[in-house]
Amino acid sequence: MESHARLCGQIAQEQDDVLGTIQLVQGDAVLEDRLYDQLVDLLIEGLFLELRRRHLVGELAMDDYVDELSALSAACHDVGLLPLHTRDA
């Protein structure tokens, strides 16, 4: 649980850093786009980490965790934010 908390803290710090940097590069569309993409990735990672935290502290049983994880993955995939792994036959 301690390593999970460290990772959550790291993601939060990276989000803060990106938000601060976006303000510094206003007017540079290429850099702004990259930073917004990075911010979206960090926010999505935060959603997955929060879901994991809820499971680790007992708020979500394993079945509920798997269901919510699948739903979040599908929702992200549906809007192009998360490619789903496909197996080559």
Item to check | Beyond-backbone contact of V18 with Q15, side-chain heavy atoms, under 4.5 angstrom | outcome: no

Item to check | Hydrophobic cluster membership, V30 vs L39, 4.5 Å side-chain cutoff | outcome: no

Checklist entry - Ignoring hydrogens and geometry, is there a side-chain-to-backbone donor-acceptor pair from H55 to L60 under 3.5 Å? => result yes

Checklist outcome for this item: Rounded to the nearest 0.5 Å, the CG atom of L43 sits from the CD atom of Q38 at a distance of 10.5 Å

Checklist outcome for this item: So CD of E68 and CG of D63: to nearest 0.5 Å the spacing works out to 12.0 Å

Next on the checklist: Rounded at 0.5 Å granularity, tell me how far CG in L69 sits from CG in D64.
Outcome noted: 12.0 Å

Checklist entry - Backbone N or O of I22 within a donor-acceptor pair of the E32 side chain at under 3.5 Å? => result no

Checklist entry - Which distance, rounded to the nearest 0.5 Å, do you find between the OH of Y36 and the CG of L31? => result 12.5 Å

Checklist outcome for this item: Taken to the nearest 0.5 Å, the spacing of R52 CZ from L7 CG works out to 11.0 Å

Checklist entry - Got more than 12 heavy atoms from elsewhere within 6.0 Å of CZ, R53? => result yes

Checklist entry - Does H4 use its side chain to pair, donor to acceptor, with the backbone of L49 at less than 3.5 Å? => result yes

Checklist entry - At what distance, to the nearest 0.5 angstrom, does CG of L81 lie from CG of L47? => result 10.0 Å

Next on the checklist: Please evaluate residues R6 and E2 with respect to the criterion salt bridge (charged side-chain N to carboxylate O under 4.0 Å, His left out), reporting the C-alpha separation (whole Å), side-chain torsions for both, the decisive distance (0.1 Å), and the verdict.
Outcome noted: CA-CA 6 Å; R6 271 196 314 273; E2 188 176 315; 3.3 Å; yes

Next on the checklist: With clusters defined by side-chain heavy atoms of hydrophobic residues (ILVMFWY) lying less than 4.5 Å apart, directly or transitively, does L42 cluster with L24?
Outcome noted: no

Item to check | Side chain proximity check, E45 to E14, heavy atoms < 4.5 angstrom | outcome: no

Next on the checklist: I'd like to know whether CG of D78 has more than 12 heavy-atom contacts from other residues, nucleotides or ligands below 6.0 angstrom.
Outcome noted: yes

Checklist entry - Is there a path from I11 to V40 through hydrophobic residues (I, L, V, M, F, W, Y) whose side chains come within less than 4.5 Å of each other? => result no

